[in-house]
Structure formats: structure tokens, C-alpha cells
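The analysis underlying the following values was restricted to heavy atoms, covering all of them including side chains, and did not include hydrogens, waters or symmetry mates. When a residue number appears, it is its place in the shown sequence, counting from 1.
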Amino acid sequence: MSFKASTNHQLPSPTDSEQTLEQLRTDNIELRNEIEMRTQENSLLHEVISTVGSTLRLDEVLRHLVDTVVRATSCQIAFIYLYDKDKERLVLASTNEQYRHLVGKITMGVGEGIAGWVALHRKPVFLTDEALEDPRFCYFPELEEEKFQSIMTVPIITKTRHLIGVITVQAIAPHDFTEQHRLFISNTASLVASAIENAQLYENTQRKLSTLTTLSVLSQTISSGLYLDDMLRSLATLTVQLMEVDLCVIMLMDQARERDLESSRQSRRLTVRATSPNLNDRAQFHAIDIDRTTLERLRELNESNLAKDAGFAAPDMEHENEHTLERLNPLKDNQYRTLISAPLIAGTEQLGLINCYSNKTRRYSTDDQTLLTTVANQAAIAIKNSYLVNQLAQKNLVKGFFDDLMQGTNDTEDSLRQRAHFLGCDLTRPHAAVMVEITHVDARWDETTVAQKQARPERTRTGQLAVNNTDNSPSYSQGVSLQAAYKRMGGIVRRRIQDSYSGSIFYEHENLITCILPLTKDPSGTRLKTWLKDLANQMRNEYDIFLSIGIGNTCQYISDYRRGFAEANEALQMGQNLHEPRVNEGKRAPIVTHFNDLGVYRYLYKIAHMDDLRDVYQDQIAHIDNYDRRKNTDLLDTLETYLECAGNLTKTSEKLFVHRNTLIQRLERLQSLCDIDLQERSNWLTLQVAIKVYKLRSSGE
């Protein structure tokens with residue numbers, strides 16, 4: 001009995017004890033590893049919580065999150081995409097160091113790629129091997145995704161199921177994502193969802209507060225009346241603060257080149273005018289030639305940025321925008337990784353460009369672009385106003401100088417020379433006073449000539465509109481376009497004169513340009529008239545405009561200029577009166593008249609305007625002219641040519657381009673209209689003078 005009992009309660013064998021002990025050891029190790037893993041997981045979660053609670057800066061939160069996720073999952077890379085509500089796209093917001101330059105540049109739509117699928121369905125995806133073979137996969141060459149085999153992607157959503165973003169981790173080798181890995185990532189995503197949302201709200205609030213403060217200062221700066229360069233420097237400094245960038249560069253169109261433009265097909269040039277921080281070494285900045293197509297592209301960018309309902313641009317459009325802006329980048333420096341830019345546009349005029357650079361990769365939102373565009377538009381208005389003020393001041397300065405030269409002044413000659421030197425003119429050298437009047441010539445020229453010949457309306461003077469309306473009422477739109485044409489053609493005339501006569505100065509009022517031309521290489525001015533004729537013909541042939549030019553005698557001393565301007569003005573006015581086109585003439589030739597060319601006509605002009613008495617000769621000429629108007633004939637011009645040729649029928653017919661018999665018939669008709677014997681030579685001189693006086697009087701009626 002006892003034996004049996006003893007055999008039933010025998011001690012375990014040594015082999016069984018060893019197995020039990022080994023099992024206990026294994027279980028203990030597993031428990032210890034699990035505890036260690038849990039401890040590490042809790043430590044990492046605590047680290048996430050500490051990071052979330054320690055800062056509201058979104059970039060710091062995301063950077064710590066990437067680092068924590070990589071360490072927790074033993075993967076090589078992590079990407080965090082945030083959801084942009086405005087664009088309805090996922091935008092890469094943070095990643096490891098080697099891909100950080102792509103932050104803000106990689107985007108995908110909701111439903112596009114694995115991350116997009118997760119964002120759309122709010123469900124995680126775990127791919128342990130051959131992730132590229134998944135049909136949902138979307139390949140981005142910049143991310144070198146062909147290196148990775150495994151992918152784990154979880155959504156970042158709030159308690160109310162609002163999408164914040166997506167976390168993606170990738171491993172090079174096939175990777176078994178354990179339940180702990182999945183639980184950790186899910187917990188982490190839940191923890192950071194509210195933190196990211198709060199950080200975004202905080203950043204938006206801080207930015208709006210800073211924006212309002214800076215915009216207030218910006219408004220004061222723009223309206224402060226500072227000189228342009230000072231205003232631009234202040235504007236660049238404030239833009240750096242407003243946009244939170246490392247460098248702001250303001251470029252403006254080269255104004256000297258703008259004034260020299262003769263063709264809209266020519267390229268324009270952007271030059272750097274202000275930077276913040278101030279970069280004294282401007283050699284690193286490149287002037288940029290900008291064509292018309294690029295200017296139009298800039299305008300489209302500006303309009304799309306300001307459109308309230310503008311959606312997200314297509315990827316190819318974004319690429320085109322980046323290419324356009326890169327062409328307009330004056331700073332070829334790898335130090336700056338991100339560029340945001342906005343054109344300076346006032347009305348329809350392209351004034352320049354404002355570029356903002358960041359040392360670090362940065363995501364620029366639609367609000368950022370809209371803010372910079374708004375600043376650029378306000379700045380453009382201030383720049384345009386500054387240009388107008390400078391032009392007005394310059395014009396007033398030039399006008400005052402010309403007025404003093406024309407009318408005399410109490411200033412000393414040294415003072416006038418100093419004022420001239422400031423304007424770029426050396427009055428110690430001989431000059432010529434010249435007046436140029438610009439008149440447009442169009443297809444109605446011949447009709448206008450006939451109408452003037454028939455009706456004799458008041459001759460269009462400087463600044464008045466030549467109107468062909470049937471009711472003789474000027475049109476406002478015609479006036480605006482005409483003044484714009486005067487301005488453009490005046491700029492071309494000034495440029496060409498300046499190219500050949502460097503040191504010339506000009507005062508332009510509507511369609512009349514008053515100028516002083518240096519005669520350094522031609523002290524007597526003998527070649528000036530020929531050159532001005534060539535200029536007038538060039539403008540006639542190239543732009544279909546008509547120039548009337550009056551030239552005064554050489555001015556050696558300050559006191560000569562008053563006389564020189566009076567001579568140029570008289571040459572201009574009399575040249576126009578004496579060269580009025582005839583009915584049978586085609587295109588009117590330019591008129592270039594030197595004061596010394598006037599000869600006897602100068603005295604006749606004074607007689608015609610000082611003495612309004614009429615004698616028998618004037619009556620006869622008026623009778624012939626009235627007949628021409630009624631019958632649409634040209635007898636008065638025939639008589640004038642006949643007298644100029646001293647009664648020589650052959651010369652007269654050749655000059656009038658008519659047959660000899662036709663000339664004889666005209667002379668017979670003239671004699672029938674005239675009581676004065678046209679064959680009597682003693683009447684010829686008196687008739688010649690009478691015709692010229694009559695025409696001079698008629699041109700001023």
C-alpha cells in the first residue's frame with residue numbers, strides 16, 4: 001500500500017524539470033521584451049505628447065513626429081502629408097532630411113495613390129512586401145520609391161472625423177508591421193491630430209495678427225511720401241517680416257530702356273532696385289530681359305492669384321508657373337531653396353517684380369500668394385505715383401528752365417549754366433534752338449486737304465485736334481488716342497535726336513517739342529537742317545506721321561537763346577503757312593525750315609498780319625480763289641507758278657506737269673477773271689507779293 005503510494009507520488013525526472021525551467025525562462029524573456037517594448041512605446045508616446053504640449057509651431061511638431069515614427073517602426077523613411085482644404089489636395093509637409101527639399105512640392109489629390117486612398121476612406125493600409133505592385137500605388141521619382149518594399153499608411157483624423165493628413169512609413173526590405181507598430185502609429189496619429197489642428201489655428205492666428213500689424217506699417221510707408229529708393233528699401237524690409245522669408249528682392253523695369261522703346265516687340269529689362277537684408281554686392285544680381293509673352297504670363301498669374309474663386313491649378317500649369325518665375329530670378333544661388341514671386345502691376349502697366357526667398361524648404365499656401373500679390377499691387381500704385389511725381393517735377397524743372405531762357409530771368413548766367421548742367425546740357429558750347437511739331441497722317445489726308453481748300457477752317461494749332469467729323473465736334477476717344485500717339489512718337493523723336501546730338505534737352509507739351517541741340521561738331525549748324533530733314537523723312541516713312549520743324553540760328557551766349565527760340569518759332573509757323581499742300585498734291589512732305597530760309601517771306605508775313613487793307617490786287621486774287629473753290633480748279637496756283645517762272649510757258653507747264661495747250665487755256669481763263677493785264681511785266685512782282693500776302697492772311701483765318 002505504501003509502496004504504491006510512493007510510486008504514485010514520485011518526484012519529476014531531471015529532464016522534465018529542465019524543460020519546465022527553460023519554458024519559464026523563455027516566457028520570462030518574452031515578457032521582459034514585451035515590457036521593454038511597451039516601455040519604449042510609452043516613452044515614445046510620452047515624447048510625442050511632450051512635443052505636442054511644448055510647442056505650437058507646426059514645423060517643429062511635424063519634424064519631431066517624423067523622427068519618432070521612424071525610430072518606433074524601425075523603418076527608413078517617413079512622410080507626413082497635410083490636407084489642404086482650399087486645394088483639396090494632400091501636400092507633403094514633413095519628411096526625413098534627405099527629402100526635405102521636396103516639402104511643399106509633392107502633392108496628390110484625395111483618392112490618388114495609397115496616401116490619397118487612405119485619406120479618402122479614413123482607413124489604414126499595411127503592405128509588407130512589393131508595395132509598388134499595389135494598384136493604388138502612385139509613383140513619384142523624386143522620392144526614389146523604387147527602393148522601398150513595405151509601406152504603412154494611416155490617416156490623421158480628429159474625433160469628429162475631419163481629415164488632417166496622412167502618415168506614411170516605408171522600409172527598404174520587406175517588413176512585418178506588428179500589431180504593436182500598427183497600434184503605435186494609430187495612437188500617434190490620434191494624439192497629433194488635435195495638436196496639428198491647434199498648431200495650424202495658432203499659426204493662422206499669429207500670421208493674421210502679424211499681417212495686420214505689418215500691413216498697417218506698410219500702408220503708412222507707401223503713403224509716407226518717401227523717395228522711391230527709400231520707399232522700396234522699407235517695403236522690402238516689411239515684406240520680409242510679413243512673408244517670414246529670408247530675403248526680399250524688388251526689381252523694376254529699366255526706365256531708361258522704357259523711354260527708348262520704339263517697338264512693342266523689343267524686350268524689356270528688369271533691374272534690382274532694393275533688397276532686404278541689404279546686399280551691397282549687386283554683381284551677383286543679373287539684369288533680366290523680359291519679352292511680351294512672359295509679361296502676359298505674369299499678368300495671368302496676378303489675376304489668378306487674386307481671383308476669389310480660383311481653384312487649384314493643374315500640375316502642368318504649376319510647372320509652367322515655376323518655369324516662368326525661375327526665368328525671372330535674378331539670384332542664381334543655391335543658398336535659397338524656395339522662391340515666391342508676384343508682379344508689380346499698376347492698371348495695365350507692368351512695373352516690375354517682387355521676389356521672396358527662403359533658406360529652407362517651405363510650403364507656400366494660396367493665402368501666402370494672395371497676400372504677396374496684394375502687397376505687390378499696393379506697392380505698384382505707390383511706385384507709379386512716385387514715377388508720376390518725378391516726371392512732373394522733372395517736367396516743371398525743364399519747363400522753368402526753358403521759360404527762363406525764352407523770356408529772360410533775373411538768374412545770373414552762372415546759375416542758368418548750373419541748371420542746364422543738372423539737366424545734362426553744357427551751355428558753354430554752341431547750341432541751336434529747334435521746335436518740332438508732330439501731326440498724325442492717316443488715310444483721310446487727301447480728304448482733309450480738299451476740305452481745307454474748300455472751306456478754309458481755322459488751321460489746327462499746337463495742342464488742338466484735327467477733326468474730320470461731319471458735325472465738327474471733337475471726339476474724346478479720338479483725343480485720348482491722339483495724345484497717346486503724340487507721347488509715343490515724341491519719345492521716338494527725342495531718342496533719335498539724343499542719339500545723334502548727345503546732351504540735348506527737351507520740353508514737350510502735347511504735340512510740340514521744344515529742344516536745344518548742341519553743335520559741338522558743327523558750330524555753324526550747316527549740317528543740322530539736312531539731318532533734321534532726314535529725321536522727318538524717316539518718321540514719315542516708318543510711322544506715317546508728319547513733322548514740321550523750325551530751326552533758329554546758333555546760340556553762343558546765354559542772351560542769344562531768347563532770340564534763338566523766337567527764330568525757331570517763327571520758322572516753324574511760317575514754314576507751315578508757306579508750305580500748305582495743294583489740292584492736287586498727294587502725301588504731304590515734312591516741313592523743315594531754318595529761320596534764314598524765310599527771306600522776304602518774313603517781312604511779307606508781318607505785313608499780312610499787321611495790315612488788313614485790301615487793294616485791287618488783293619481783290620483780284622480773292623476773286624480767282626473763290627472761283628477755284630466753286631469750280632474745284634487750280635487757277636491761283638497756276639498763276640503763282642507762271643509768275644515764278646517769269647512768264648516762261650515751257651517752264652511753267654513742266655513745273656505744273658500739264659500740257660502747254662492746257663496751260664494756255666488756264667491763262668486765258670485767268671485773264672477772263674482778272675481785270676489786271678497778266679501779260680504786263682510791271683504787274684508781275686505786285687501780283688506775286690499779293691498772292692503770298694493773300695495766302696498768309698488766309699492761313700490765319
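Qualifying side chain to side chain contact (heavy atoms under 4.5 Å, CB included) partners for Arg562, counting only residues two or more places apart in sequence or in other chains: none. Applying the side chain to side chain donor-acceptor pair (under 3.5 Å) test to Thr638 and every residue at least two apart in sequence or in another chain returns Arg666. With sequence neighbours excluded, the residues satisfying side chain to side chain contact (heavy atoms under 4.5 Å, CB included) with Tyr557 are Ser559, Asp560. Residues passing the side chain to side chain donor-acceptor pair (under 3.5 Å) test with Asp628 are Thr633, sequence neighbours excluded. Not a single salt bridge (Lys or Arg N to Asp or Glu O under 4.0 Å) links Arg527 to another residue, sequence neighbours left out. Qualifying salt bridge (Lys or Arg N to Asp or Glu O under 4.0 Å) partners for Asp229, counting only residues two or more places apart in sequence or in other chains: Arg273. Residues meeting the ring pair (Phe, Tyr, Trp, His ring centres under 6.0 Å) test with Phe401, sequence neighbours left out: none. Residues satisfying the side chain to side chain donor-acceptor pair (under 3.5 Å) criterion with Thr520, sequence neighbours excluded, are absent altogether. Every residue two or more places apart in sequence or in another chain that forms a ring pair (Phe, Tyr, Trp, His ring centres under 6.0 Å) with Tyr501 is listed here: Trp531. Take Arg660 and apply the salt bridge (Lys or Arg N to Asp or Glu O under 4.0 Å) test, not counting sequence neighbours, and it matches no residue. Residues satisfying the side chain to side chain donor-acceptor pair (under 3.5 Å) criterion with Asn648, sequence neighbours excluded, are absent altogether. Every residue two or more places apart in sequence or in another chain was checked for a salt bridge (Lys or Arg N to Asp or Glu O under 4.0 Å) with Lys651, and none qualifies.
In this structure, Arg417 does not pair ionically with Asp426, as no charged nitrogen and carboxylate oxygen lie closer than 4.0 Å. Residues Lys399 and Glu508 are not paired through a salt bridge, judged by the lack of any N-O separation under 4.0 Å between the basic side chain and the carboxylate.
A side-chain N or O of Arg496 and one of Gln538 form a donor-acceptor pair less than 3.5 Å apart. Side-chain atoms of Gln498 and Ser504 include no donor-acceptor pair closer than 3.5 Å.
Leu532 is not listed as a side-chain neighbour of Leu547, based on a closest heavy-atom distance of 4.5 Å or more. Considering only heavy atoms from C-beta on, Asn553 comes within 4.5 Å of His594 through its side chain. Ile551 is not listed as a side-chain neighbour of Thr593, based on a closest heavy-atom distance of 4.5 Å or more. Taking the side chain as every heavy atom from C-beta outward, Ile549 and Ile591 never approach each other to under 4.5 Å. The shortest distance between side-chain heavy atoms of Asn377 and Leu344 does not fall below 4.5 Å. Looking at heavy atoms from C-beta onward, Gln688 lies out of side-chain contact with Thr686 at the 4.5 angstrom threshold. Within the 4.5 Å cutoff, side-chain heavy atoms of Leu232 are placed close to those of Ile383. Proximity of Leu670 to Tyr642: side-chain heavy atoms (C-beta onward) are nowhere separated by under 4.5 Å.
Nearest heavy-atom pair across Leu678 and Cys674 is CD2-SG, 4.2 Å. The shortest non-hydrogen separation linking Leu405 to Phe565 is CB-CE1, 3.9 Å. Contact record, Pro343 with Gln350: CB-OE1, 4.5 Å, taken as the closest heavy-atom pair. Annotation for Pro590 and Phe546: closest pair CA-CE1, 3.4 Å, computed over non-hydrogen atoms. Across every non-hydrogen atom of Gln620 and Leu673, the tightest pair is OE1-O, 3.7 Å. The shortest non-hydrogen separation linking Met251 to Asn355 is CE-ND2, 3.7 Å.
Rounding to the nearest 0.5 angstrom, the gap separating the NE2 atom in His659 from the CD atom in Gln665 is 10.0 Å. Rounding to the nearest 0.5 Å gives a distance of 5.5 Å between CG of Leu687 and CG of Leu643. Residue Met435 holds its CE atom at 12.0 Å from CD1 of Ile513, rounded to the nearest 0.5 Å. To the nearest 0.5 angstrom, Leu353 atom CG is 9.5 Å from Leu252 atom CG. Note that the CD atom of Gln378 and the CG atom of Leu235 stand 11.0 Å from one another [nearest 0.5 Å]. In this structure, Asp625 CG and Arg630 CZ are separated by 10.5 Å, a value rounded to the nearest 0.5 Å.
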Stepwise, does the side-chain contact (heavy atoms from CB on, under 4.5 Å) test hold for Ile516 with Phe402? CA-CA 9 Å; Ile516 301 175; Phe402 272 88; 3.8 Å; yes
Begin with the C-alpha distance, continue with both residues' side-chain angles, and end with the deciding distance and a verdict on side-chain contact (heavy atoms from CB on, under 4.5 Å) for Tyr617 and Val689. CA-CA 9 Å; Tyr617 292 95; Val689 173; over 6 Å; no
Passes side-chain contact (heavy atoms from CB on, under 4.5 Å), Leu351 versus Ile345? Steps please. CA-CA 6 Å; Leu351 299 178; Ile345 302 176; over 6 Å; no
Can you check side-chain contact (heavy atoms from CB on, under 4.5 Å) on Ile250 and Val272, steps first, answer last? CA-CA 6 Å; Ile250 298 177; Val272 174; over 6 Å; no
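Checking side-chain atoms of Ser653 against main-chain N and O of Thr650 turns up a donor-acceptor pair under 3.5 Å.
Using a 30° and 60° split on the angle between ring planes, His431 and Tyr561 fall in the tilted class, from 30° to 60°. The aromatic rings of His509 and Tyr507 sit parallel, their planes meeting at an angle under 30°, below the 60° perpendicular limit.
Among Asp634, Thr662, Asp637, Leu663, the single residue meeting the side-chain contact (heavy atoms from CB on, under 4.5 Å) criterion with Leu656 is Leu663.
Under a cut-off of 6.0 angstrom, the local environment of NZ in Lys529 is crowded, with over 12 non-hydrogen atoms contributed by other residues, nucleotides or ligands.
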